[in-house]
Protein chains: 2
Amino acid sequence: MSARALPYRPHNHDACVSQALSDARAICQQQSARLTPTRERVLELVWQSHKPLGAYDVLAKLTAEGHNAAPPTVYRALDFLQQHGLVHRIASLNAFIGCAHVGEHHTGMFLICRVCGNVLELTDASVSTAIRNAAGAEVFRAEAVTLEVAGVCPGCQTEPNHE
Amino acid sequence: MSARALPYRPHNHDACVSQALSDARAICQQQSARLTPTRERVLELVWQSHKPLGAYDVLAKLTAEGHNAAPPTVYRALDFLQQHGLVHRIASLNAFIGCAHVGEHHTGMFLICRVCGNVLELTDASVSTAIRNAAGAEVFRAEAVTLEVAGVCPGCQTEPNHE
DNA sequence: TGTGCAACTGTTATAATGTTGCACTTTTTT
DNA sequence: AAAAAAGTGCAACATTATAACAGTTGCACA
Ligand SMILES: [Zn+2]
Ligand SMILES: [Zn+2]
Ligand SMILES: [Zn+2]
Ligand SMILES: [Zn+2]
């Protein structure tokens, strides 16, 4: 898995998308999971940018392109994608974003820019270790970590209205 | 601020509640904020246990005791309490819980037991530091951290149906 | 090649969570 | 006392998510 583009830096985002789709096909093949057309399309829509997309935003895009979709269509696809580690749900935003580390066993940490809306997913061993230790000190068996940091990204610290 | 009881250990929970209320009165006085009867009652309801309470659960309790409340009543009270650091919102549960560290400047870390539903709020310097460093390495200006760990508490690791 | 099962999809309805806007009351300030 | 600010009640509405059930498709296997 090669280095990823930074969300808030100009980059060839089509490369992000096609990489994500090809990763997804590989993962699903390997897990004998069916990446059906609807699921693949939802994944592609979620990857349209590095900004999290709400389930109803996905729904609107599907509807706009003639797909006869209802909320369960979208939520089911998103559930599937989450279960196979292809997208993450950002709890503080009720929105979904493509996973930038598919395949790697990871605990995502999300840096959410409140100005431009872009989200960077990180993996940081010292953060994971510290969390694991803190939970362990309370004899708590940790299973899932939600770690979301809201703030301002490098681009927006200098250019206030970065899009 | 004295040591807190562990949520999942039997304890005199009335002490938790009265401590929370007296802390809240002190904080509000100090900040010239008005802890009105509705706000105080909502805080007390949220503190009824160490399990997070949904806004509509609070609403139902208010209604049950004859208070003529609507959703905005509850959300406004909860907003006020959050702004003054008296309750936290648990994003992964859409629910609210009393803050166990009022007054201390802290970044809460929540250990959420998926069996009994109790939540323990921790503060851990090495976790905060690791998160701050990881964000700093990306030149990201962190403003708010959401850190919620789902898993199984010590009590529920041995007694499966702990209530 | 069919045939049965499991997974997937479409559709309708509904639940759960959260917000807006406005009129009115209470408290604080001047 | 008058004006301003903060708080409350209320109705309507917006957003997010799920339940239930019928129909369809893909796939293993006789
Ligand atoms: Zn990109
Ligand atoms: Zn930004
Ligand atoms: Zn207690
Ligand atoms: Zn427990």
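Protein chains get the first letters and strands the later ones, always in sequence-line order, with residue 1 at the start of each.
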Discussion item. Can you confirm whether the side chains of B/Gln83 and B/Asp79 place a donor and an acceptor under 3.5 Å from each other?
Written reply: no
Item to complete: May I have the distance from B/His67 (atom NE2) to D/dC10 (atom P), rounded to whole angstrom?
Response: 10 Å
Fill in: Separation of C/dC8 P from A/Leu81 CG (nearest whole Å)
12 Å
Under 3.5 Å, which donor-acceptor pairs do the side chains of residues 84-99 of chain A form with other protein atoms, sequence neighbours left out?
| from | atom 1 | to | atom 2 | distance (Å) |
| --- | --- | --- | --- | --- |
| A/His84 | ND1 | A/Phe80 | O | 2.9 |
| A/His88 | NE2 | A/His106 | NE2 | 3.2 |
| A/His88 | NE2 | A/Glu121 | OE2 | 3.0 |
| A/Arg89 | NH2 | A/Asn94 | OD1 | 3.0 |
| A/Ser92 | OG | A/Glu148 | OE1 | 2.5 |

Worksheet entry | Global bending angle along the helix from C/dT1-D/dA30 to C/dT30-D/dA1, which compares the axes of five pairs at either end, to 10 degrees | 30°
Worksheet item: How would you list, by chain and number, every residue that makes a ring pair (Phe, Tyr, Trp, His ring centres under 6.0 Å) with A/His67, sequence neighbours excluded?
Response: none
Tell me which donor-acceptor pairs under 3.5 Å the side chains of residues 27-34 of chain A have, and how far apart each pair is, sequence neighbours excluded?
none

Response to the item:
The residue, B/Gly54 or A/Thr73, whose nearest nucleotide of DNA chain C is more 5′ is A/Thr73
Fill in: From A/Val127, A/Ile131, A/Leu147, A/Thr129, residue fulfilling side chain to side chain contact (heavy atoms under 4.5 Å, CB included) relative to B/Val127
A/Ile131
Worksheet item: For A/Thr38 and C/dC8, is the shortest distance between a side-chain N/O and OP1 or OP2 below 4.0 Å?
Response: no
Discussion item. Output one letter per nucleotide in nucleotides 18-30 of chain C: B when a protein non-hydrogen atom lies under 4.0 Å from the base, S when only the sugar-phosphate is that close, - when neither is.
Written reply: BBBB-----S---
Worksheet entry | Between C/dC8 (C1') and A/Leu35 (CG): distance, integer Å | 13 Å
Practice prompt. Examine distances only and state if a side-chain atom of A/Gln157 and a backbone atom of B/Val139 form a donor-acceptor pair shorter than 3.5 Å.
Written response: yes
Item to complete: Write down the distance between CD (A/Gln83) and P (C/dA7), rounded to a whole number of angstrom.
Response: 12 Å
Fill in: Euclidean distance, atom CG of residue A/Leu59 to atom P of D/dT16 [Å, nearest integer]
11 Å
Discussion item. Suppose the criterion is ring-ring contact (aromatic ring centres under 6.0 Å, His included): which pairs have a residue in residues 12-34 of chain B, not counting sequence neighbours?
Written reply: B/His11-B/His13, B/His13-B/His50
Item to complete: Would you sort out whether A/Asp124 and A/Thr107 count as a side chain to side chain contact (heavy atoms under 4.5 Å, CB included), showing the intermediate values?
Response: CA-CA 8 Å; A/Asp124 186 284; A/Thr107 305; over 6 Å; no
